[in-house]
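So the structure is just underneath, and the comments pick up after that.
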There are 2 protein chains.
Amino acid sequence: MTQEHDFQKKTIEYEQLLENFKRLLKKNGLKFTIQREVILETLYNSEEHLTPEGLHKKIQTTHPDLKTGIATIYRTLSLLENEAIVTSLSFGTQGKKYELGAKEHHDHMICIECGSITEFVDAEIEKRQHLIADKFGFKMQDHSMQIYGICAECQKKNN
Amino acid sequence: MTQEHDFQKKTIEYEQLLENFKRLLKKNGLKFTIQREVILETLYNSEEHLTPEGLHKKIQTTHPDLKTGIATIYRTLSLLENEAIVTSLSFGTQGKKYELGAKEHHDHMICIECGSITEFVDAEIEKRQHLIADKFGFKMQDHSMQIYGICAECQKKNN
DNA sequence: GAGGTATTGAAAGTCATGAGCAACTGGTCA
DNA sequence: TGACCAGTTGCTCATGACTTTCAATACCTC
């Protein structure tokens, strides 16, 4: 698969994401604005999990002309989260980090030294979660799992 | 097993918890204070998960003579958490909830309607978490899992 | 019991996030 | 196409959950 091919694929994927967003906005009588598009685009182009603050800085760099206010970032992120387009990870007092939730579900492994996040999925765990919820007559809507520890990188550094 | 017997058992369990706490304090050159004891005792006597604010109110009721400041609650809770005597559950902006962590490990099922928390354990999931961490060369120190949804009670109410 | 250090309560300070408001902008309809 | 108007935005202020500061006070060791 060539770079170009990859790019094509990404573009199409993004277009679909954008169309879906527009559709949801219209459905709820909301408007499609430049700010909302830039935020979605920035999330899409970012590999890592972003804090609202980080997202704001990134946009100020890539779109210096657009004076996007931090409040709009927060408003749009919670809008996107409500529409299940992005998901958030909570870090207690340290705030939240967001990522596009369009991709397949996964859980997180978080390094308590450098803060890096590794994603993973385990079908067996997913399955058992459903079994457990059923057992308690609980109607499961979402779930999250985090493993905290020290990543391979930081372990090396510590030696 | 009689009520009295139960009480005896609880008392002994609490004494051990308290002794352990005192030992850890001394080991770290810290002092054992009335406030710290009251906080531990209140956590011990509470079935539910408590917020720092809730803990504060509870103590103001049970120990009105002791003018415990909210700062002391926070300081003691993080002390207890560092010593692994209590563990916390993060609720994003809504803060944290604490529980005595002395009991065996478990995960949480959280009702998004009434906020109630149900505990559960699943050996299989625990096992797989370790396997996953190993696979990534990650030195696991802790982990947490939450299932969000609607509890049986609230489902009934909704009908 | 004295002395030195850790701890406490009260209040001020942080920091992430949400609200209020006037100016502004999509998008629909004439 | 242009006007209208509800939804949006940026700014600034408010809020809520902690955290820090500091002088007064309580532990605990000798």
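Just so it is clear: chains get the letters A, B, ... in the order the sequence lines come, proteins before strands, and each one is counted from 1.
- Gln35(B) and Thr72(B) are not linked by any side-chain donor-acceptor pair at a separation below 3.5 angstrom, with hydrogens and angles left out of the test.
- In this structure, His56(B) places its NE2 atom 13 Å from P of dT8(C), rounding to the nearest Å.
- Between Tyr74(A) and dT17(C), a side-chain N or O to OP1/OP2 separation shorter than 4.0 Å is present.
- When the shell of 6.0 Å around CD of Glu124(B) is examined, it contains more than 12 heavy atoms from other residues, nucleotides or ligands.
- His108(B) is linked by a ring pair (Phe, Tyr, Trp, His ring centres under 6.0 Å) to His49(B), His106(B), counting only residues two or more places apart in sequence or in another chain.
- No side-chain donor-acceptor contact under 3.5 Å links Gln129(A) and Asp122(B).
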Point to revise | Lys58(B) vs Glu48(B), salt bridge (Lys or Arg N to Asp or Glu O under 4.0 Å): CA-CA, chis, key distance, verdict | key: CA-CA 12 Å; Lys58(B) 206 157 189 167; Glu48(B) 4 145 53; 3.7 Å; yes
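- Counting only N and O atoms by type, the side chains of Glu81(A) and Ser88(A) include a donor and acceptor under 3.5 Å apart.
- Defined by atom type and a distance below 3.5 Å, a donor-acceptor pair is present between the side-chain atoms of Ser144(A) and Gln146(A).
- Here the P atom of nucleotide dT5(C) and the CG atom of Asn28(B) are 18 Å apart, to the nearest Å.
- Toward the 5' end of DNA chain D, the nearer of the two residues Ile70(A) and Leu79(A), judged by each one's closest nucleotide, is Leu79(A).
- Listed by first and then second residue, the ring-ring contact (aromatic ring centres under 6.0 Å, His included) pairs that reach into residues 17-40 of chain A come to none, sequence neighbours excluded.
- dT7(C) atom C1' lies 11 Å from atom CD1 of Ile39(B), rounded to whole Å.
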I'd like a table of atom pairs between the protein and nucleotides 21-24 of chain C - only N or O on both sides, under 3.5 Å - with the distance next to each one.
none

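- The side-chain heavy atoms of Thr51(B) and Gln94(B), taken from C-beta on, include no pair separated by under 4.5 Å.
- Under the rule for a salt bridge (Lys or Arg N to Asp or Glu O under 4.0 Å), Arg23(B) has no partner lying at least two apart in sequence or in another chain.
- Residue contacts shown for Thr51(A) are absent, as no nucleic acid heavy atom lies under 4.0 Å away.
- The number of heavy atoms from other shown groups lying within 6.0 Å of NZ (Lys139(B)) does not exceed 12.
- For the helix from dG1(C)-dC30(D) to dA30(C)-dT1(D), the terminal axes (five pairs an end, C1' atoms, rotation from four pairs onto the next four) enclose an angle of 30°, given to 10 degrees.
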Would you list the protein and nucleotides 26-30 of chain D atom pairs, both N or O, that sit under 3.5 Å from each other?
residue, atom, partner, partner atom, Å
dC27(D), O3', Phe32(B), O, 3.4
dC27(D), O2, Lys31(B), NZ, 3.0
dC28(D), OP1, Phe32(B), N, 3.0

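- Here Thr68(B) lies in heavy-atom contact (under 4.0 Å) with sugar-phosphate atoms only.
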